[in-house]
Amino acid sequence: MTGAPLIEVEDLRIDLDNGSGKVPAAEGVSFRIDRGETFGLVGESGCGKSISALALIGLLRQPLSIGAGAIRFDGREIQGLSAAEQRALRGNRIAMIFQEPMTALNPVSPVGRQIAEMFVLHKGKSWREANQLAVEALASVRVSAPERRVKDYPHQLSGGMRQRVMIAIALACGPDLLIADEPTTALDVTVQAEIIELMRNLCAERGTAILMISHDLGLVANVCRRVAVMYAGRIVEERGSADIFRAPSHPYTQGLVASLPRLGSRAALGRNRLKEIAGVVPAITNFPDGCRFNPRCTQATDICRTVAPTADFLEAGGLVRCHHHA
Amino acid sequence: MKLRANLIIGGALFALAIVVGLLAPWLAHTDPVLDANLMNAEEPPSWTWWFGTDGQGRDIYSRVVYGARISLTVGIVSQLINSVIGVGLGLSAGYWGGWWDDVVNGLTNLMLAIPSLIFALAIMAVLGPGLTSLLIALGLTNWSFTCRIARASALSLKSQGYVQAATVLGYGDLRIMITQLLPNMLGPIIVIGTLGMGSAVLSEAALSFLGLGVRPPFPSWGSMLSEARDQITTAPWLSVFPGLAIFLTVLGLNLLGDGLRDILDPQSRSRRS
Ligand SMILES: Nc1ncnc2c1ncn2[C@@H]1O[C@H](COP(=O)(O)OP(=O)(O)O)[C@@H](O)[C@H]1O
Ligand code: SF4
Ligand SMILES: [Mg+2]
């Protein structure tokens, strides 16, 4: 793809103020997403995916803050924007959907109103127009009888239905980027597949880029053209999805791929596949010296325990952060 | 079921008071102020004079009926003022935190430290007696509980997924407070408001009793009690009926508040969803 990237993250460091001082919760995070592209961020729980996403939309709050690096959206530095300018981007040009469709909707407001509010807020529509657009938005996420459903309250809807509503809200203003943070983790597997399919189709139709965040490499690789794998606050490998599956470079990614069940048996095995890499993720305050994966890595040598590996750019495109990568 | 009884009896008593106040011109037998006739002075309750007459021969029933207007106006309007102040301060303090929260907390503690009736008395002393002064005095002095509840609700609600989602969707602070926080804390606010109306009715009676509220000859239940003070042994009906009216209205509001608490309780609400 040509032209300026839609979003460009450069050497981002996120600091966590733990009372006695700042520790980096994520560092050296760099990636770019082009218009209409699908990009995945994968890693175990707590590795820094969600805080990176929040940084993108300017929503890191105490005790977290951006320590270094730059985030450019459509060529403009996010941190340089005023609060009002940032607000005008959020929900309008960058939208986000969450893991928990049960709690992400206001329980005392009809879902149609919550969709309509987006048109009022960002597009200056009157409530009458906005309500009409809300019905259309609900129809576009394949909710049947949308003109009746708009009057429903969240508790009247199933989890899958609520996630559809969330997608309708997120895509209401035709954003350039949709950030989906574990969008289906709380849903059961069949509904999961439907929601992912819906999200992917709608974004493809509208040219909306997706940043998909998940602990599930299989899921992400399925949806996204490129994938970045994160471990303990650092991106350890970034490749085309197909490449990562065929020939993972980083020992951690190799572990992830090896622990993925073969096609078809995924549902049966549930979500704890990552446990198959021996050991646990280190705590932020307790990152090991050198390569942060070294205590769990089967290929670790002395240099791994003292020197942090830098990013190596691969010939086939992408990068990997390992002294002994394949 | 006990909960329902609260709600029904309380609601009925409050509704009765409102209807009486609204329909006062049709329900009253005589004009509460002008129809004085010394020929009928201090008549005990009878078929003609349901609640008896006072020393000037005015019909107590008609005065009690008109008195409902004052008591309810004061109860409802002053509590509305309190609710708006309390919600405005508490909600913003809980949501924003920081120095604003400290300021609001300080103010709330100050209000809680001074008995609100004493505070209202002081304001009345400055403003002088009358209905408007009464509304201002009672409207400015009883918001601390509402404020506390609004603040606590805002604090707990602001970490809810839908409040965070609203931030991510580009909602401004004001929009978040009005669309996401306020509707979700309305239950307890309404309960406190209902109970607060009851206490405002009592405060009105107390201030009027002290001669600082609504001035005679216009009837309020409190001023009627005040006027009846000297005849409490010779003409007890002068005190009994306005007293009963206060008692039933306040009882009604308290029962209603309790009943509403039972159905608006956040726990039962979340069970439903
Ligand atoms: N508000 C916060 N306060 C303190 N620590 C936080 C906060 N948010 C995230 N963290 C820490 O930052 C790290 C990364 O969190 P997160 O980005 O949520 O992980 P995930 O990859 O599971 O989305 C975790 O160790 C987490 O404990
Ligand atoms: S740098 Fe060393 S410890 Fe780290 S992943 Fe590579 S081989 Fe393993
Ligand atoms: Mg997360």
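Numbered from 1 within each chain, the chains take letters A, B, ... in sequence-line order.
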Ignoring hydrogens, what is the shortest heavy-atom contact between [X] and [Y]? Give both atom names and the distance.
{"X": "B:V168", "Y": "A:M96", "result": "CG1-CB, 3.3 Å"}
{"X": "A:A104", "Y": "B:A165", "result": "O-CB, 3.7 Å"}
{"X": "B:N184", "Y": "A:P107", "result": "OD1-CG, 3.3 Å"}
{"X": "B:L169", "Y": "A:M118", "result": "O-CE, 3.7 Å"}

message = Taking atom CZ as the centre, does A:R148 end up with more than 12 heavy-atom neighbours from other residues, nucleotides or ligands that are less than 6.0 angstrom away?
response = no

query = Does the side chain of A:N106 reach to within under 4.5 Å of the side chain of B:Y162, using non-hydrogen atoms?
reply = yes

inquiry  = Heavy-atom pairs under 4.5 Å with chain B: which of A:L59, A:L89, A:L54 has the most?
reply    = A:L59

request  = Determine, stepwise, if the pair A:E117 / B:Y171 fulfils side-chain contact (heavy atoms from CB on, under 4.5 Å).
outcome  = CA-CA 9 Å; A:E117 188 111 30; B:Y171 283 44; 3.2 Å; yes

key: Distance, nearest 0.5 Å, that separates OG1 of B:T179 from CD of A:Q114   = 8.5 Å

note = To the nearest 0.5 Å, atom CZ of B:R175 lies from atom CG of A:L121 at 4.5 Å

key: Engaged part of A:I57 at the chain B interface, taking heavy atoms whose separation is under 4.5 Å   = side chain

task = Under 4.5 Å heavy-atom distance to chain B, tell me which part of A:Q156 shows up: side chain, backbone, both or neither.
result = neither

